[in-house]
Amino acid sequence: MREANEHLRQARESSPSPDVPGAAMSRQELADLVNAYLHRTTGRVHELDDNYIGKLERGVIRWPQADYREALRAVLGVDSDRDLGFVNTRRLTDTRRPENRGELLAVHPESGPDVKRQEFLRAAFVGVGALASPSVLLDLLAPLRPSDAPKRVGRDEIEQVRGAADLLISWGHSHGGVGVREAANAQLRWFAQLLNAQSSGPVRVELHEAVGLLGHATAHMAFDACAYDDARQIFKFSLACSEEVGSWHLRAKVLSSLARQEIWRGEADLGLTYAELALVRADRLTATERAMLHTARARALAKLGRRQETLRAVGLADEAFSESDPAGDPAWMAYYDAAQHAGDTGHALFDLSVLGHRTDAAGRLRAAIDGHTADYVRSRAMSQTKLASLTMAAGDPDQAAHIGLAAVADAGRLHSRRAAMDLAELRDYASAHADRPEVAELRHRLTTALAS
């Protein structure tokens with residue numbers, strides 16, 4: 001049984017409601033005040049809600065990330081994390097210490113020595129989720145009910161898994177990941193049982209890759225819904241699948257997504273660690289995969305404010321992508337085309353541009369918008385939203401409103417919490433020009449879209 005966090009609950013209930021005289025602060029009110037504090041201090045939009053505060057009070061989450069702890073301390077008027085019942089129960093090892101992390105990642109990502117893959121990763125992931133075999137990690141997917149899963153697996157079953165993964169990936173790109181998460185979880189739980197069935201050597205490798213890819217698609221849906229803990233757990237399962245059969249390509253894809261999730265949720269340093277882990281043996285990856293990983297590095301470095309390193313990472317990504325050969329890529333890399341590359345690098349450079357640095361972020365985001373087909377609505381909408389925010393920040397509110405209205409039209413077709421968070425960020429940028437009719441219309445449309 002989890003131990004409830006009574007310190008946090010008592011601190012909240014001892015604080016007055018900002019809206020109801022004489023009442024205690026509710027969980028949602030606390031979440032709103034924390035979001036406001038984070039926006040003031042970091043400039044980023046956060047969307048904590050009463051469900052997240054409930055997880056803290058029930059002890060589901062014992063050690064929230066650093067900026068959340070700071071905000072909770074400030075809002076509730078306490079001096080220390082311990083006053084709010086926060087205790088870091090994770091085992092800290094030398095690999096987590098800053099002075100040793102540099103040694104761990106000192107191997108140059110493009111030309112490091114041949115390392116023993118499993119030993120390296122098991123050491124590297126201590127403290128951030130140690131790896132185990134997929135059969136052990138089945139427990140991460142919740143207890144499985146008895147079913148009619150076959151006792152022996154062949155290529156027919158592998159094609160079924162791949163078909164399920166393809167469907168989820170396509171649905172996520174065109175509709176977002178919020179609406180069908182439960183169906184995706186059920187598919188993954190059933191197909192994961194196949195890992196315990198008998199199979200020949202080559203079939204076993206393909207099966208682990210197929211189930212790992214299905215896991216990745218399922219985890220990405222959780223990420224899109226901002227269910228970060230669920231996503232991280234399933235990403236670990238997929239990573240274990242890749243490790244079990246030595247699939248460097250699937251490993252790179254999963255680590256890239258882990259990096260992007262951590263960067264998105266404000267843990268850019270951890271995101272950088274994941275990206276650089278994936279690049280330790282870049283010689284085993286295709287040029288397209290290297291481009292994907294260098295853009296992840298660039299996005300982390302930009303969030304950390306490391307301008308020159310960001311520009312170098314974008315340059316490495318461009319160089320790798322210029323050598324891309326889709327015919328040699330794994331099937332799941334087909335999404336990473338010129339539009340995707342332009343959008344990813346544009347998102348990285350966005351963070352430098354809004355700080356006043358001269359970059360070609362706007363041109364890259366425009367190229368992404370123009371290049372994304374109807375199958376990639378989410379990517380196009382998020383690039384449109386970023387371009388609108390950038391244009392608004394640069395002082396051209398009428399043009400920004402025009403771009404933003406197109407973004408709302410696309411994003412309105414999605415069930416994506418990440419896309420909604422970008423829209424909320426655009427609304428914040430637009431507030432500085434709220435007196436202009438075009439911007440007022442955009443803010444109204446944004447508010448309506450976010451409410452729905």
Side-chain angles (χ1 to χ4, degrees), residues 162-180 184 213-214 216-221 223-225 249 253 256-257 260 264 286-296 298-299 314 317-318 320-350 360-391 402-423 426 449:
R162 288 173 176 163
D166 289 344
L167 178 61
L168 292 181
I169 292 168
S170 175
W171 184 274
H173 284 309
S174 57
H175 298 285
V178 174
V180 295
L213 181 62
L214 177 61
H216 177 273
T218 304
H220 208 281
M221 286 191 157
F223 172 27
D224 202 38
H249 302 291
K253 183 58 188 163
S256 173
S257 294
R260 289 163 195 268
W264 177 269
T286 70
T288 312
E289 289 168 326
R290 294 197 302 273
M292 170 189 70
L293 293 169
H294 282 303
T295 59
R299 293 177 78 159
V314 170
D318 287 345
F321 190 72
S322 71
E323 302 171 357
S324 178
D325 178 14
D329 287 327
W332 58 76
M333 288 299 298
Y335 82 100
Y336 199 93
D337 57 8
Q340 184 70 34
H341 180 74
D344 278 359
T345 51
H347 277 69
L349 294 173
F350 170 92
D360 62 341
R364 289 174 184 258
L365 290 170
R366 287 191 190 96
I369 295 165
D370 293 340
H372 280 307
T373 67
D375 292 331
Y376 295 91
V377 176
R378 181 177 58 194
S379 296
R380 184 175 63 202
M382 295 180 79
S383 289
Q384 283 175 322
T385 308
K386 281 295 183 187
L387 180 58
S389 292
L390 179 58
T391 308
H402 175 73
I403 300 168
L405 288 171
V408 174
D410 263 354
R413 300 161 52 190
L414 296 170
H415 299 282
S416 167
R417 194 166 177 84
R418 287 190 301 141
M421 290 174 71
D422 274 353
L423 292 178
L426 173 57

Q: Please lay out, stage by stage, how Ile403 and Thr385 fare under the test side-chain contact (heavy atoms from CB on, under 4.5 Å).
A: CA-CA 8 Å; Ile403 300 168; Thr385 308; over 6 Å; no
Q | Pair Arg364, Thr345: side-chain N/O donor-acceptor within cut-off below 3.5 Å | A | yes
**Q.** Heavy-atom side-chain proximity of Asp329 to Ser324 below 4.5 angstrom
**A.** yes
(Q) Taking the six-membered ring for Trp, are His347 and Phe350 closer than 6.0 Å centroid to centroid? (A) no
Q: Under the side-chain contact (heavy atoms from CB on, under 4.5 Å) rule, what do Asp224 and Arg417 come out as? Steps first, then yes or no, please.
A: CA-CA 6 Å; Asp224 202 38; Arg417 194 166 177 84; over 6 Å; no
Q. Below 4.5 Å, heavy atoms only, C-beta onward: do His294 and Phe321 meet side chain to side chain?
A. no
(Q) A side-chain contact here means heavy atoms from C-beta on lying under 4.5 Å apart; do Lys253 and Met292 qualify? (A) yes
Q.
Side chains of His216 and Ser257 only: does a donor on one sit below 3.5 Å from an acceptor on the other?
A. yes
(Q) Let me confirm one number: the NE2-OG distance from His372 to Ser379, rounded to the nearest 0.5 Å. (A) 4.5 Å
**Q.** By salt bridge (charged side-chain N to carboxylate O under 4.0 Å, His left out) - contacts of Asp166 (at least two apart)
**A.** none
Q: Please tell me if the side chains of Met221 and Leu168 come closer than 4.5 Å, counting only heavy atoms from C-beta onward.
A: yes
Q. If every non-hydrogen atom of Ala184 is compared with every non-hydrogen atom of Thr218, which pair is closest and at what distance?
A. O-OG1, 3.7 Å
Q. Taking all non-hydrogen atoms of both residues, which atom of Ala368 and which atom of Ala342 are closest, and how far apart?
A. N-CB, 4.0 Å
Q) Where is the tightest heavy-atom contact between Gly343 and Leu365, given as atom of each residue plus distance? A) O-CD2, 4.1 Å
Q. Between the side chains of Arg260 and Thr295, does any donor sit under 3.5 Å from an acceptor?
A. yes
**Q.** Arg418 NZ/CZ over Phe223 ring centroid, <6.0 Å and within 45° of normal
**A.** yes
Q. Taking all atoms of both residues into account, what is the closest heavy-atom pair of Pro330 and Thr286, and its distance?
A. CD-CG2, 4.3 Å
Q | Distance (rounded to the nearest 0.5 Å) between Arg162 CZ and Ile169 CD1 | A | 12.0 Å
Q) Looking at CG of Leu390 and OG of Ser383, how far apart are the two atoms once the value is rounded to the nearest 0.5 Å? A) 11.5 Å
Q. Any side-chain heavy atom of Gln384 sitting closer than 4.5 Å to one from Leu387?
A. no
Q) Any side-chain heavy atom of Tyr336 within less than 4.5 Å of one from Glu289? A) no
Q: May I ask you to decide whether Asp344 forms a salt bridge with Arg299, counting only side-chain N to carboxylate O separations under 4.0 Å?
A: yes
**Q.** Contacts of Arg366 that satisfy salt bridge (charged side-chain N to carboxylate O under 4.0 Å, His left out) - sequence neighbours left out
**A.** none
Q) What is the distance from atom OG of Ser389 to atom CG of Leu426, rounded to the nearest 0.5 Å? A) 4.0 Å
Q.
Can you list everything that forms a salt bridge (charged side-chain N to carboxylate O under 4.0 Å, His left out) with Asp410? Sequence neighbours excluded, please.
A. Arg380, Arg413
Q. Which heavy atom of Ala339 sits nearest a heavy atom of Gly371, and at what distance?
A. CB-C, 3.6 Å
Q | Rounded distance [0.5 Å steps], CG in Asp325 versus OG1 in Thr288 | A | 7.5 Å
(Q) Quick check against the 3.5 Å criterion: does Asp360 have a side-chain atom that pairs as donor or acceptor with the backbone of Gly363? (A) no
Q | Over all atoms of both residues, closest heavy-atom pair of Ala317 and His341 | A | O-CE1, 3.4 Å
